[in-house]
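What follows is one structure encoded as structure tokens, with my remarks underneath.
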There are 2 protein chains.
Amino acid sequence: MASLKDVARRAGVSVSTVSHVINGYDDISESTRRKVLQAIRELNYHPNSIARNLLLQRSHTVGVVTVGQQSISHPLFNQLIVALAAAVEEADLGIALTVYDPEADSVDGCLQRWHEQRLEGIVVIGMAEESPLVQAVARSKIPAVFVDTQASGPKATWIASDNRQGAYEAVTHLLRLGHRKIAFLQGVPNGRIIRDRYEGYKQALQDAGLPADDTLYEQADFTKEGAYRAAERLFARTVPTAIFCVSDLMAFGVMQWARDKGIAVPDGLAVVGFDDDPASEHVTPALTTVRQSGYEMGLAAARSLLQLIEENTPADPITLPTRLVVRASCGAPGRARTESRQASA
Amino acid sequence: MASLKDVARRAGVSVSTVSHVINGYDDISESTRRKVLQAIRELNYHPNSIARNLLLQRSHTVGVVTVGQQSISHPLFNQLIVALAAAVEEADLGIALTVYDPEADSVDGCLQRWHEQRLEGIVVIGMAEESPLVQAVARSKIPAVFVDTQASGPKATWIASDNRQGAYEAVTHLLRLGHRKIAFLQGVPNGRIIRDRYEGYKQALQDAGLPADDTLYEQADFTKEGAYRAAERLFARTVPTAIFCVSDLMAFGVMQWARDKGIAVPDGLAVVGFDDDPASEHVTPALTTVRQSGYEMGLAAARSLLQLIEENTPADPITLPTRLVVRASCGAPGRARTESRQASA
DNA sequence: CTGAAAGCGCTTACAG
DNA sequence: CTGAAAGCGCTTACAG
């Protein structure tokens, strides 16, 4: 591959001159510039950004880390990455993608590699707070932002939806529809993000003057099948008129169970989910759920990361609003939509 | 950040010596090695891979390109990337992710950047054959593999599922169930991959001795709503007993329409889709569909790319088998599953 | 306007 | 076993 030196030789000038025309300096005579441009074309020359990066002491790349095990990656990954990529490219940064496999990859190995690559920043998507990888990144001096993981460090901060508020609104919606026995289906194991949904649920009930009722609480493993069995356990014990599930997938399991038992949704049982999974609008009845904007999260993550990198300022965590998407699974009157307030912790 | 020279100074040896211990050469005395390791630890030294890459004339990275516009990215992107990342990391290569936005990004700009980065290879996911980006990459000298795009070049090849065979099996399944009036719902605009599904449909009918019937053909824009309207047009003209849709999303639209018209699925109308969208098993009735393995595609793409890079051999295109996933939307007897043959074009 | 020279942080023959 | 030196392909003061 042609180098600066080759171009200089061909154009009959020095490498400094070639470098200047490439970088658009205006101290080059028109005739020289033309000769150089010609030589570049003839040699099909492309500046070597690796050499450039070495000299400038910058990698011009940020890392994005996601988990790949059995495709449990983040439900919003695609939206997230689109926003993130656009924002980061704006700042002339590229993305080095790591699909982290806890089984196969060592945390130290990853950090070693990221240091060697001189990553300018890292965004870690959807991992547990207590994950060794998260802990290690949080402790490192590489600027980092965690998405849906409430971890932070001297150079690290996080972004998440306002899960508490989202759940609060969903449950409030059920209360307004007249429900008083509202069950809660929790997913386990869980992190702060998921536990916040339970907090929102409890708060809504409390604000409505309803007593806490442990018999209405059930949990499952985030699968449709697990939720199905959880519904079975729940109804063997009590008969709620509505149920709030911490994920849409679990809501699908509950709806499946209701169908099998001949319980009509929403008339016999109102169901609300969380995430606005693409499937939510295709199931019957269409699922009322809490939507998070992956795009906004990606944008916010990029902004925080850039701030961390460029201004060296310890960015504050950011909580993004969610939106209740009312569909048919609660027998909602009309298509009312509620915007949650913008919050920033 | 500490450099080799710093480590050498601290350990009281030369940089060559340090380099040798780092790279695991066995011509270093134990005592020297210890001193060096100690210095590395004290300085928290991380070799600069940018410098290393420059010297070795390798970037150690491959590009992955996906389209981001309105999140129409590839339905199998997540699975694909997991397999791709694992295989590529195995070969000590990293992934530089580009989310290509045809509106905002210039094709020349992208190629320029990829050349400057000295990408060792590129995999382009799910773009149209005639896309300028695809054309440019195919013409370039960068080893490339296209996923779900039947384009090739001197250094480029492609990977796709056997769409023709997948459709053939789906339609054959309907034929075996006794259907004779099987409609086809096409998506537009489309590429080879989608048109192959139509070929498979036609072939299946022909092999069953059924005449071609243009009135059974309808098309829509790959959206649920478009499919809904297409179903309306179709049934205004003729009354099929089954319909094969080129995507699950379109199948959902057809099922919605049937529900609105009081036509029962599968008794009044059998429906088959393509893709095995995650929502397929959540809709009611669960959708019979043709599954592609994103994981296998990612693996195959990685293998082809590595072959192109390492052996400099012009890799042949690869066609991967699909699998008919029989669920409830055709009123299928039992849960029979058909494996398609392994094909390689 | 243009060029010679130093240096970014490494690896690799080559001497000793 | 260990070190001095060249060189990967650039950019940037500094001279002229």
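Just so it is clear: chains get the letters A, B, ... in the order the sequence lines come, proteins before strands, and each one is counted from 1.
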Tell me which donor-acceptor pairs under 3.5 Å the side chains of residues 86-95 of chain B have, and how far apart each pair is, sequence neighbours excluded?
none

Handout entry: Non-neighbouring partners of B:Arg10 that pass salt bridge (charged side-chain N to carboxylate O under 4.0 Å, His left out), sequence neighbours left out
Key = B:Glu42
Exercise for the section: State whether a side-chain donor-acceptor pair under 3.5 Å links B:Ser49 with A:Glu116. Expected result: no
Problem - Side-chain (A:Thr66) to main-chain (A:Ile125) donor-acceptor, under 3.5 angstrom - result: no
Exercise for the section: Return yes if a side-chain donor-acceptor contact under 3.5 Å exists between A:Ser14 and A:Thr17, otherwise no. Expected result: yes
Completion exercise
Within residues 4-23 of chain B, those residues having any heavy atom closer than 4.0 Å to DNA chain D are B:Val13, B:Ser14, B:Ser16, B:Thr17
Practice task
Tell me, with the steps shown, if B:Leu133 and B:Leu111 meet side chain to side chain contact (heavy atoms under 4.5 Å, CB included).
Solution key: CA-CA 9 Å; B:Leu133 207 243; B:Leu111 265 113; 4.2 Å; yes
Practice task
Return the residues of residues 39-48 of chain A meeting this criterion: a heavy atom under 4.0 Å from some atom of DNA chain C. Order them by number, or give none.
Solution key: none
Exercise for the section: Under 4.0 Å from any atom of DNA chain D, heavy atoms only: list the residues of residues 49-60 of chain A that qualify, in numerical order. Expected result: A:Ala51, A:Arg52, A:Leu55, A:Leu56
Fill in the blank from the handout: The complete set of salt bridge (Lys or Arg N to Asp or Glu O under 4.0 Å) pairs with one or both residues in residues 45-64 of chain A, sequence neighbours excluded, reads A:Arg58-A:Glu120
Handout entry: Value rounded to 0.5 Å, distance of CZ in B:Arg34 from CD1 in B:Ile28
Key = 13.5 Å
Handout entry: Sequence-distant partners of B:Arg303, salt bridge (charged side-chain N to carboxylate O under 4.0 Å, His left out), two or more places apart
Key = none
Problem - All side chain to side chain donor-acceptor pair (under 3.5 Å) counterparts of A:Ser152, not counting sequence neighbours - result: none
Practice task
Quick one: pull up OG1 in B:Thr319 and CH2 in B:Trp158 and give me the separation to the nearest 0.5 Å.
Solution key: 4.0 Å
Exercise for the section: Quick one: stems involving DNA chain D, counted as three or more successive Watson-Crick or G-U pairs, both distances short of 3.5 Å. Expected result: C:1-3 with D:14-16, C:5-12 with D:5-12, C:14-16 with D:1-3
Fill in the blank from the handout: So the contacted stretch of DNA chain D, first to last nucleotide with an atom under 4.0 Å from a non-hydrogen atom of chain B, runs from D:dC1 to D:dG9
Exercise for the section: Please check if the side chain of A:Asp101 supplies one atom and the backbone of A:Glu103 the other of a donor-acceptor pair under 3.5 Å. Expected result: yes
Exercise for the section: State which residues pass side chain to side chain donor-acceptor pair (under 3.5 Å) with A:Ser3; sequence neighbours excluded, sorted by chain then number. Expected result: A:Asp6
Exercise for the section: Could you list all the salt bridge (Lys or Arg N to Asp or Glu O under 4.0 Å) pairs where at least one residue sits in residues 128-156 of chain B, not counting sequence neighbours? Expected result: none
Problem - Distance, nearest 0.5 Å, that separates CZ of B:Phe146 from CD1 of B:Ile122 - result: 8.5 Å
